[in-house]
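Take a look at the structure set out below.
All of these numbers come straight from a predicted model, not from anything done at the bench.
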Amino acid sequence: MGRPVISRTALIKWLARIAWGITGVVLTGLYLYYLQSQSRPDLQFWHREDVARAVVPELSLKANVDLSDYMAHEKLIFTRLDQKVALEGNGLPNWHRYSDVAHAIYRAAWPDGNRTSLQTPHDKHGAVLLVHGLSDSTNSMQPIAHSLSRHGYQTLNLRMPGHGTLPGALQSVTWRQFRNAYRLGVAALTEELEPGQPLILVGYSNGATLAVNYTLNAILKQDGQRIPDLLVLISPAMRVSPVAAYARIQRWISELPGMEKLGWTDVVAEFDPFKYNSFPVYAGEQIYRLTARLEKNLSRLGDEQLQRFPPVLAFQSVLDATIAPASVIDGLLDRLGGTPAELVLFDINRQSNMLPLLADRGDPLLDSLKARQDIGFDLTIVSNEGTSSGQVAARTRRRGENSWNEQGTDMHWPRNVYSLSHMALPFDANDPIYGLNKGDGLMRLGELWFKGERGGLGVPLGLLARQRFNPFFAYLEQRVLEAADAVTPAAVNTP
């Protein structure tokens, strides 16, 4: 018997049914997502792109613009922001970032918390550019900047365009503006470097992406840009979720009347004075484009160019809900050839009484690294000395070796902390905003907590429960200073 013949008419009907079915699924998904987005809080003046453009417009970074121009314009937009908040923030609760009361307090107590700052010690050993993450501010880089400055390095803690002011500002700035601001910062520092003094780039999250991308451009283009002598990457965002590639579609839909909330992945009360809690879809689109460009540039590196890539010191939490922890390995370190590099992984708290509570222990990443025989970089794991102890040790496996060297420390896990997080690494436990409570009556965001019935609180519990400070910051700080000294000639490093 021959095969049954499907008529052209029947085939068209089946294809039409499939097409209608797919269309129905897509439209249903969009409708459900629309309903979910409409349940979010109403957008306020700090979310509006037109308000941000009018109040805190960023400077056009043309070739003749330098750091002094950038900082002068920054002063102007923060003055405008002060005026806007004083005018429209008087009806907000005093804990709100854009309350006139809270804003005045934060600006007086931390004048550079959201702004660019340049510190130049008397006996300068070199220069360091520090850049924060997406939706973040210069506050996240201040602890490391102060340490390096005390250690003899000039530090430029640079605010990226669209940050530190209004969340709505992130709806119009592009990754190219970030790149241009980064180049401006490097140019300002290299102009004043003496022969032999190193240039060091320190980046947190998206700031780490910008540091690597700048380095790749300097190596590939050979247009006179200074190649750094060291990269320090903290919670580096080397790759983002592929879903971010479709952010522009959601953004287009959000431009329709009544669909404005679809332009935001999160609309959350702004209780953090130095980081936007609300996050626009457009910003996710920009970091996707930046990481795509970084990936393209990495693939262009040849053997000769790899030899000019600077040493890398990267810090990463084994649990990171923002960026896949493995991305710094397969997205960067595995592709650097013979470049000296080290990855420091902060493990979870492996005390036996904590483990049964954890749904994710980070084991796949650690197991895959321990099983590898060909790791092309040094690997240090900061973890418990044993399952019955909260005391912490650092175990290091050097490149090309299979044995581990264990170094004891005086560090230990704080009570009730089971891991670090993407945002915790650059902050000390003594941080006045994100650190431990001091019994002085002030509630730090690092230990902010409310109790009641589930579903009643407008702030996601996951945001409140997220670890905000690094109990092992002293170790990170020490390793950064040691790495800086290693690329600083002895003659330069001696006052």
Is a side-chain donor-acceptor pair under 3.5 Å present for [Y] with [X]?
X	Y	value
Gln286	Thr174	no
Asp272	Tyr434	yes
Gln171	His47	no
Ser383	Asp347	yes
Gln407	Thr396	no
Asp136	His163	no
Gln467	Ser419	no
Ser68	Asp66	yes
Lys275	Ser137	no
Asn139	Asn114	no
His151	Asp485	yes

Donor-acceptor contact present, side-chain [X] to main-chain [Y], <3.5 Å:
X	Y	value
Thr488	Ala484	yes
Thr138	Thr116	no
Arg159	Ser117	no
Lys261	Val267	no
Arg361	Leu355	yes
Thr339	Pro311	no
Asn206	Gly133	no
Glu88	Phe45	no
Asp320	Pro325	no

How close do Gly168 and Ala52 get, heavy atom to heavy atom, and via which atoms?
C-CB, 3.7 Å
Starting at [atom1] of [X], measure out to [atom2] of [Y] and round the result to the nearest 0.5 Å.
X	Y	atom1	atom2	result
Ile323	Met238	CD1	CE	9.0 Å
Gln316	Leu420	CD	CG	10.0 Å
Leu358	Tyr418	CG	OH	7.0 Å
His146	Asp428	NE2	CG	12.0 Å
Asn384	Ser389	CG	OG	6.5 Å
Leu201	Leu210	CG	CG	10.5 Å

Is the count of non-hydrogen atoms from other residues, nucleotides or ligands lying under 6.0 Å from Phe78 atom CZ greater than 12?
yes
Verify the neighbour count for atom NE2 of His412: are there more than 12 heavy atoms of other residues, nucleotides or ligands below 6.0 Å?
no
Does the plane of the ring in [X] sit parallel, tilted or perpendicular to the ring in [Y]? Use 30° and 60° as the thresholds.
X	Y	value
Tyr214	Tyr182	tilted
Phe346	Tyr475	perpendicular
Phe274	Tyr106	tilted

Worked check of salt bridge (Lys or Arg N to Asp or Glu O under 4.0 Å) between Arg350 and Asp363:
CA-CA 11 Å; Arg350 294 191 177 271; Asp363 290 336; 2.9 Å; yes
The single option from Asp229, Leu199, Thr215 passing side chain to side chain contact (heavy atoms under 4.5 Å, CB included) against Pro310
Thr215
Regarding Arg398 and Asp378, does a basic nitrogen lie under 4.0 Å from an acidic carboxylate oxygen?
yes
Would a line drawn from the ring center of Tyr153 to the ring center of His125 be shorter than 6.0 Å?
yes
